[in-house]
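This report refers to the structure that appears directly beneath it.
These numbers were taken from a predicted model, which means no experiment stands behind them. Whatever order the structure lists ligands and atoms in, that order sets their numbers, starting from 1.
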Amino acid sequence: MIADLQSDCKNCFGLCCVALPYGKSADFPFNKAGGQPCRNLCSNNSCSIHDLLREKGFRGCVSYECFGAGQHVSQFIYNGKDWREDFEHAEEMFAVFPLVQQLHEMLWYLKQALTLKETQSFQASLQKIYKETVELTEKKPKEILEIDIAAHRSNVNVLLVETSKRYRADLIKRGKKRRIKEDFDYLGANLKGLDLQGEDFRGKLLIAANLSHSDLRKADFIGADLRDANLRGANLTKALFLTQSQINAAIGDIHTKIPNYLEKPSHWLDKKFSEFIC
Ligand code: SF4
């Protein structure tokens, strides 16, 4: 049933803008509870400040990605019935959405793993868990609420870790002298211009790290926090498990090379903004 793992806001009831909470921080200007519609959400489910999100302090919205869970929950699980018309099920829908979002995120990674020649020897296992994950997203809302997401994620993770090892195998072998130690603190680190091909950035906090002009091909970025990481002039063409939301949260420019399935965010092309970054 899952045809698309990219958000399609036109077919979603603004679920991320209602169901999810956010807190006053560098990413949001004030607090909002989960289940409460954001004050910028219009009745047609569009955002009244869509083109000004960063300027108005909603950077968290720019870097959020539902991986197509929004339209799936709205149109498939709830048959196109808006929470505004079906208030009885609204709370349930808001609880189902973040669970389906996590399942869709797993599908997105699995889909990428399935495209790699390095995973040929365990394609059957990948296909099996992909199918199982799809089936979980097709369950009834009450069943979805009972899914042990953490347990399913850890099964998926085994295959994603294996994918990463095989994808980076040549570079791991080549890199006998690791440039970066296992316990390295990446927060704000200066990694400018380094050859970081095949590095494992899984789950790393790369917030405000300077990766400009670095060679990041074949690096694994699954779960890495790239908020304000400087990717100007960096090469990420064959990066693994890199998502649009990570790219949106980072800083790049016209010289940054990204995988062809991702798009350069408009703020990367804003001359005034990129001049500000050193
Ligand atoms: S600011 Fe816009 S995109 Fe962000 S939560 Fe509110 S309505 Fe949604």
Atoms in ligand 1 flagged as close to Phe58, the criterion being non-hydrogen separation under 4.0 Å: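 Matching atoms, with element in brackets: 1 (S).
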Is [Y] close to [X] at the side-chain level, that is, under 4.5 Å between some pair of heavy atoms?
X: Tyr130; Y: Leu114; result: yes
X: Glu135; Y: Lys131; result: yes
X: Asn45; Y: Cys9; result: no

Considering heavy atoms of the protein only, find what lies nearest to [atom] and give residue, atom and distance to 0.1 Å.
atom: atom 6 (Fe) of ligand 1; answer: Cys38 SG, 2.3 Å
atom: atom 8 (Fe) of ligand 1; answer: Cys17 SG, 2.3 Å
atom: atom 4 (Fe) of ligand 1; answer: Cys61 SG, 2.3 Å
atom: atom 2 (Fe) of ligand 1; answer: Cys47 SG, 2.3 Å

Test log, rule side chain to side chain donor-acceptor pair (under 3.5 Å), inputs Ser164 and Arg168: CA-CA 6 Å; Ser164 177; Arg168 300 178 298 112; 2.9 Å; yes
Residue pair Val18, Gln36: steps toward the side chain to side chain contact (heavy atoms under 4.5 Å, CB included) verdict: CA-CA 5 Å; Val18 187; Gln36 177 194 325; over 6 Å; no
Leu53 heavy atom under 4.0 Å from ligand 1: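 The answer is yes, since Leu53 has a heavy atom less than 4.0 Å from ligand 1.
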From CA spacing to verdict: salt bridge (Lys or Arg N to Asp or Glu O under 4.0 Å), Arg227, Asp27: CA-CA 10 Å; Arg227 280 177 292 168; Asp27 290 331; 2.9 Å; yes
N/O/S from Cys16 sitting under 2.8 Å away from atom 8 (Fe) of ligand 1: no
